[in-house]
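Just so you know, these numbers come straight off a predicted model, no measurement behind them. Throughout, protein chains are lettered first and strands after them, A, B, ... in sequence-line order, and every chain is numbered starting at 1.
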Amino acid sequence: MSKASSKYRKTALTVLLAVLSVVMLGALFHGFRTFFYRFYSDFFYPYLSISSGIGRTVSDQTILLRSKYELAKEIERLRSDNQLLMARFTVATEAQLENKELRRLLAIKEMPGYRYLYTTILRRNPLEWRERFIVNYGSEDGIKPGSIVLAGSRVSENDTESVLALCGIVRDVSKHTAEVLSLSGGAATIAARLESSDAVGFINADTNALPSRDQSTRLNFLPAHREYMVGEPVVTAGFEENIPAGILIGHVTEIIGGNTVLDNRLYVNALLRPAADFENIRFLVILTRQ
Amino acid sequence: MIDIYFALIFLTGILLQLLAGNFGLFLPVTVLLIFYAATATGLFRGIVYSLIFGIIIDVFSGWGFPWHTFACLGAALFARFWCARQMLRPALINFFPGMIAASLPLLVLLPQTIISGDWRFLLDTWLPQFVFGLIAGAILLPVTVALLDHISERLKLPRYQDARKQLEPGDNKWHR
């Protein structure tokens, strides 16, 4: 009997120790996650960049499978796009200089500009493919938490070209890498404005909402008693310090009733289809405040 | 020597897993290597390797909770169970434990996914990766055993296929 009870005591003690170890390991990992992320990302950066380098080399080789005629046509198209963008950029620079001068004359505080960084994805978790990814630039390159990330939009039958659309927000930054939360993951919260109806709402503000079936993103706290159109473009409102106004986010697909605590017929929610092509993200532009 | 050898093996395996991840494939290389190492070198080393390299892969994957670490610990315990009860030769017979070990990293995510009610993730992402992981594990473990045992024989290190010989009936040793 004493042998059996001793065996039961040993088993119970082993189980208790195992459970405590699991809880402690989870708590320590969660508590030190930021430290672990920065340390391992910086220390192992040359090792980690090997996998993205190999992936990039393989992807680049697929370009060589295309015919010379196709490649020449693509180069011509890119040249003409480049020249159009250069012309627009020249006009925009003139407007910016004029704005700066007017602010100086009127003694209004100058708005700091943005730096544009062109980068690629370093690591992507297949189980969080649309929710989060790691990019190849970090604090050494000027990236800060809260910086926005832009990617090429989906090109549909109605579009003639891809435009840059909001893809996500930088959450955590190490020396050489930055973790980006994408819009479709539900964790990135941004103020958004509907261009046609001029209403302001907040993307992913309802943290209790379940992810939608078709990867739409939620736009919460839109004013009720207004007319909204399906297909209406949604852009950034510019309320956040690091996010300029007017950047395309997506298009409204559905207006749904409110399901928040504040549902007193004051607000409605909407579903919007993000413009960024999360499945085929490769090249990104990160904006940081100067 | 043995720890340095396995550290290099694990770092290569983690690199392969990250490379496959960048292409959208969940290749459970780390957990299969933990299974191999725990069988060849013993449960104690298997647990230590699980903690070190499981945390590394969790951090690189960006998880907020060490799911992979627990899966690796489970693989180390399963290796002890498999070693004590089953044949380890020939290498091809190890497709079955390969499937079980490869399924562990995704099975640890299943309770949380079901509780949260995220059926989109379950059907769109989890299920295809789970099926792919089973097939990959079934193929990769016999290949890994054949390859690493060949290298271990040259380096005079413990082999996976000889692990059963070192285990006496009723053996409760944690390490060799």
Side-chain angles (χ1 to χ4, degrees), chain A residues 18 21-22 25-41 43-44 47-56 58-59 120-134 171-172 174 177 179-181 184-187 210-216 279-280 282, chain B residues 8 11-28 47 50-70 72-74 77 105-106 108-110 112-113 116-130 132-133 172:
Chain A
S21 306
V22 163
L25 181 64
L28 274 171
F29 183 88
H30 192 72
F32 287 95
R33 186 190 166 273
T34 304
F35 164 74
F36 284 141
Y37 165 71
R38 289 184 187 167
F39 173 72
Y40 282 115
S41 294
F43 186 75
F44 285 103
Y47 164 78
L48 290 172
S49 57
I50 294 172
S51 68
S52 71
I54 293 173
R56 229 178 0 254
V58 169
S59 299
T120 54
I121 292 181
L122 179 66
R123 275 194 328 273
R124 216 167 165 183
N125 187 346
L127 295 174
E128 293 184 312
W129 190 254
R130 296 182 202 100
E131 284 82 19
R132 191 162 50 81
F133 49 86
I134 311 286
R171 179 167 83 168
D172 206 355
S174 69
T177 64
E179 184 186 0
V180 178
L181 294 178
S184 64
L210 289 175
S212 66
R213 284 190 300 276
D214 59 353
Q215 298 142 42
S216 300
E279 294 292 332
N280 296 312
R282 197 177 160 199
Chain B
L8 289 170
L11 288 175
T12 309
I14 289 172
L15 193 64
L16 280 171
Q17 187 164 337
L18 293 176
L19 183 60
N22 282 348
F23 285 103
L25 298 172
F26 182 75
L27 206 60
I47 289 175
S50 303
L51 289 172
I52 295 171
F53 296 104
I55 286 178
I56 287 178
I57 193 85
D58 276 323
V59 170
F60 288 162
S61 302
W63 292 114
F65 192 79
W67 302 109
H68 223 94
T69 309
F70 292 125
C72 290
L73 285 168
L77 293 169
L106 288 169
V108 296
L109 287 177
L110 190 58
Q112 186 230 359
T113 309
S116 68
D118 193 354
W119 301 108
R120 178 181 70 82
F121 171 77
L122 198 64
L123 296 170
D124 278 349
T125 305
W126 188 90
L127 193 58
Q129 298 288 1
F130 182 71
F132 176 77
N172 286 325

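Listed by chain and number, the residues in a ring pair (Phe, Tyr, Trp, His ring centres under 6.0 Å) with A/Trp129 amount to none (sequence neighbours excluded). For B/Leu51, the side-chain contact (heavy atoms from CB on, under 4.5 Å) partners two or more places apart in sequence, or in a different chain, are A/Leu25, B/Ile47, B/Thr69, B/Leu73.
Looking at B/Ile14, the atoms closer than 4.5 Å to chain A (heavy atoms on both sides) sit in the backbone and in the side chain alike. Both the backbone and the side chain of B/Phe26 come within contact range of chain A, with heavy atoms under 4.5 Å apart.
Across A/Pro126 and B/Gly21, no two heavy atoms sit closer than the pair CD-CA, 3.7 Å.
Chosen from B/Leu18, B/Thr125, B/Leu25, B/Leu15, the residue pairing most often with chain A at heavy-atom distances under 4.5 Å is B/Leu15. With respect to chain A, the highest number of heavy-atom pairs below 4.5 Å among B/Leu106, B/Leu19, B/Leu109 belongs to B/Leu19.
For B/Asn22 (side chain) and A/Leu122 (main-chain N/O), a donor-acceptor pair under 3.5 Å exists by modelled atom type.
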